Protein chains: 4
Amino acid sequence: MSGKREQTKQANKQAILDAARDVFVKLGYGATTVRDIIRATDLASGTFYNYFKSKEEVFQAISDENAIRVRPRLRAERIRARTVEEFISGTFRTFFDYAADDRRTFAVIRRNADTMRVRMDTPEIIAGFDELRADLLTAIDAGLFPPVDADYLMASMVGVAFEIAEYMLARDPIDPSAAADFATALFLGGLKALPTATISREPANA
Amino acid sequence: MSGKREQTKQANKQAILDAARDVFVKLGYGATTVRDIIRATDLASGTFYNYFKSKEEVFQAISDENAIRVRPRLRAERIRARTVEEFISGTFRTFFDYAADDRRTFAVIRRNADTMRVRMDTPEIIAGFDELRADLLTAIDAGLFPPVDADYLMASMVGVAFEIAEYMLARDPIDPSAAADFATALFLGGLKALPTATISREPANA
Amino acid sequence: MSGKREQTKQANKQAILDAARDVFVKLGYGATTVRDIIRATDLASGTFYNYFKSKEEVFQAISDENAIRVRPRLRAERIRARTVEEFISGTFRTFFDYAADDRRTFAVIRRNADTMRVRMDTPEIIAGFDELRADLLTAIDAGLFPPVDADYLMASMVGVAFEIAEYMLARDPIDPSAAADFATALFLGGLKALPTATISREPANA
Amino acid sequence: MSGKREQTKQANKQAILDAARDVFVKLGYGATTVRDIIRATDLASGTFYNYFKSKEEVFQAISDENAIRVRPRLRAERIRARTVEEFISGTFRTFFDYAADDRRTFAVIRRNADTMRVRMDTPEIIAGFDELRADLLTAIDAGLFPPVDADYLMASMVGVAFEIAEYMLARDPIDPSAAADFATALFLGGLKALPTATISREPANA
DNA sequence: GATGAATGAGAATTCATTCAT
DNA sequence: TATGAATGAATTCTCATTCAT
């Protein structure tokens, strides 16, 4: 299971994943072909099929790899939360920290092409949304949250998280903490609770 | 200008757009080919190219058509707004009404493929985001809004609008008013201002 | 036959021929399409077919137009010739003068593309070759020429004329007289009769 | 390097070249499509593109293959030449021998289509012209030739060689020796040095 | 398992030509 | 006659996938 053979196998698989991530970011998912991915490795075309069935599968593997990495952290934050504040701020903080850390992979699912902007949610990511929803329901049951529409609340958190992340990553320096503060304040107190800022007139370009 | 010739041209162009919208919804943008679109019309393959250069162009035409239709309405709402409440609620109400009305087109840009969920923002849509941002800045200048981070606030509104719309459209009956109330309350007062609801345990499937 | 209608017809036909000549020179015969020719006029595509059946026909019309223009001159020179010298020098002189005058059209049949060099002989041009051959036979019969292989002599004259013309047109200034002198001397006395020249080491690039 | 794989590759490439040559001769370069070439092999369409990018590339490969074969022979003749006679006669003799030997390939670059006659010179052929020009300059420097216009002399030899070859190949029997004698005599002594012949009144049809 | 050439279905696109206006 | 959009056959070319080595 961990002989030399096994090592090569792992190395090949990883080489494909790494190459694919780069190519997806560069060309976009739609325009990427299996050939493009292979060309970005030093493997032969046939070898690809020893590891993946299609570019879809590679894409999911990359995307899942990350969802799987961040989901448990998000869960842990929410389970540990004793107050609404902790639930909300823990979730956003973890998410933005992760997005900042792993922004190359983030770029795979959230791509700004020449003209179009695309966001792709894989099953694993969507499962993360369901998890959030379930945790919200649990929190409502526990009396932590008022009995609000859990779908819409989940949707709101997801929408704010992904959309702000986009603009956060376009800034220099990248400041996940500020992003988390903003989102948290919004959810806890609405507009009037938001941190005030020096306003920039530059056009946003995420 | 309105001879039989001109009429036929308009009809053909519209036939392609209609067919394309259907095919995009059915197969997803990525999987759709120009051939698929042509096959869904009763036109000859060459005719497609008299009107569009590629499926990208058709997609943009469809997407833009709608952005162009809803953007002025959104602007009007925001310009008319005399209070924060009007600004926020007017924006969401208009957006969700539009999404409910034109949900077929909405499905084109926000599509649930076999497994993946994709959202695509065309330049025209993105221009709508910039417009919102500009209006927020104006409102801040006018003292209507506190001086908050306009990019993040715009991002939050966009994220919440698109994400809630998704779940709203999955419900029966579709209730844009409730969606608008939810989003508005969130932005005006945060979580504790949200309308309470009878909680459904069914999994959300947007 | 010469009403306004007739004038327009002639003008249209000429417009097509002119445009075609330009396009043939620019793109080469092979790469040129009927659409390219039409685009270079301000006529509609259908109009083309009122005048020509295909690009082949246009090409031939252009090529023939010229062959028809120069062939009688060549004939006249040869018929008038009372000596071998007059026959040879008259032929070359007329040919090179024509090539220099009408070099734009000459470029249509003798094109230097990026990499390849192409020469195309239309039936009208080939008929000109046959005419030369016939005149040579007449001259042999008349005792003007020795009884040599008329085909090969004709071929030699044609080969020398077209090939030298190529290089002549690449020079600045273009000197048809020098070209004619060279070719004439070669045919009358061979190498040792050739005019001596200051030798240029620059690579020839015809 | 010479496994079964490598053998198959060579065989496939050659099969394409052979098929292409046949098709070019049959249909003419202009009318030939990549499909035509593929159809003339028993390979799959995609295979063509493993070896060549376009019909242009195949054409050049065929044409170059031959230019490369004959050029060294021509050079050798000219370098070995100790007199003008040897230079001229060696060049023509070698050229006409080659044309007679390899007349199938010769037909590719000098083709009589339905109506038009086309001659195409690829870069490799043109390089052969430059080589001749360089050798002429060397010979002039060496005092072998008088200081004549090397471009025009080269052009004359090329023109005569290709044009006579055309008619030579149309005869039965094909007699490269006679062709060489004719061309050599022309260049050495002009018209009056040409071999006399029994005159045929049949129209030449090259 | 790795290789990489062969495969051939099928996608995009062009283009000559027609024909209703 | 002129127009120019529609036509659809035909062509180029790509690409996922297979399979002999």
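First the proteins, then the strands, lettered A, B, ... as listed; each starts at 1. All figures in this text were calculated on a predicted structure; none of them were measured in a lab.
- The distance from atom CD of B/Gln7 to atom P of E/dT21 is 11 Å, rounded to the nearest whole Å.
- Contacts of B/Arg21 classified as salt bridge (charged side-chain N to carboxylate O under 4.0 Å, His left out), with partners at least two apart in sequence or in another chain: none.
- Between B/Arg39 atom CZ and E/dG10 atom P there is a gap of 9 Å when expressed in whole angstrom units.
- To the nearest angstrom, P of E/dA5 lies 4 Å from NZ of D/Lys9.
- The separation between B/Asn12 atom CG and F/dT7 atom C1' is 12 Å, rounded to whole Å.
- Cation-pi contact between C/Arg111 and C/Phe24: absent, since separation from the ring centre below 6.0 Å together with deviation from the ring axis within 45° is not met.
- C/Lys13 has its NZ atom 15 Å from the C1' atom of F/dT1, to the nearest Å.
- With sequence neighbours excluded, the residues forming a salt bridge (charged side-chain N to carboxylate O under 4.0 Å, His left out) with D/Asp102 are D/Arg69, listed by chain and number.
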Donor-acceptor pairs are to be reported for all side-chain atoms of residues 30-37 of chain B against protein atoms at under 3.5 Å, with residues two or more places apart or in another chain.
from: B/Thr32; atom 1: OG1; to: B/Gly28; atom 2: O; distance (Å): 2.7
from: B/Thr33; atom 1: OG1; to: B/Arg35; atom 2: N; distance (Å): 3.4
from: B/Thr33; atom 1: OG1; to: B/Asp36; atom 2: N; distance (Å): 3.0
from: B/Thr33; atom 1: OG1; to: B/Asp36; atom 2: OD2; distance (Å): 3.0
from: B/Asp36; atom 1: OD1; to: B/Arg39; atom 2: NH2; distance (Å): 3.1
from: B/Asp36; atom 1: OD2; to: B/Thr33; atom 2: N; distance (Å): 2.9

*Check step by step if side chain to side chain contact (heavy atoms under 4.5 Å, CB included) holds for B/Arg117 and A/Ile126.*
CA-CA 8 Å; B/Arg117 225 173 64 168; A/Ile126 295 170; 4.1 Å; yes
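- Of the residues in residues 43-59 of chain D, those with a non-hydrogen atom less than 4.0 angstrom from any atom of DNA chain E are D/Leu43, D/Ala44, D/Ser45, D/Gly46, D/Thr47, D/Asn50, D/Tyr51.
- Listed nucleotides: F/dA20, F/dA6, E/dA20. Nearest to the side chain of B/Thr8: F/dA6.
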*Walk me through it: do D/Phe59 and D/Phe52 pass the test side chain to side chain contact (heavy atoms under 4.5 Å, CB included)?*
CA-CA 10 Å; D/Phe59 181 85; D/Phe52 300 98; over 6 Å; no
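- To the nearest 0.5 Å, atom CG of residue A/Asp18 and atom CD of residue A/Gln14 are 4.5 Å apart.
- Here the C1' atom of nucleotide E/dA2 and the CD1 atom of A/Ile16 are 11 Å apart, to the nearest Å.
- A salt bridge is defined here as a Lys NZ or Arg NE, NH1 or NH2 lying under 4.0 Å from an Asp or Glu carboxylate O, and C/Asp22 with C/Arg104 meets this definition.
- Remark: A/Arg71 engages A/Glu124 in a salt bridge, criterion side-chain N to carboxylate O under 4.0 Å.
- Between C/Glu56 and C/Tyr29, the closest side-chain pair of non-hydrogen atoms falls below 4.5 Å.
- C/Asp42 places its CG atom 8 Å from the P atom of F/dT3, with the value rounded to the nearest Å.
- Residues from residues 26-35 of chain A that place a heavy atom under 4.0 Å from any atom of DNA chain F, listed by number: A/Thr33, A/Val34, A/Arg35.
- Judged by the 6.0 Å distance and 45° axis criteria, B/Lys53 is not positioned over the aromatic ring of B/Phe48.
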_Counting Watson-Crick and G-U wobble pairs with both distances under 3.5 Å, what is the dot-bracket string for DNA chain F, 5' to 3', using [ ] for crossing pairs and | for pairs to another strand?_
.||||||||||||||||||||
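- The interatomic distance linking B/Glu6 (CD) with F/dT3 (C1') rounds to 14 Å, in whole Å.
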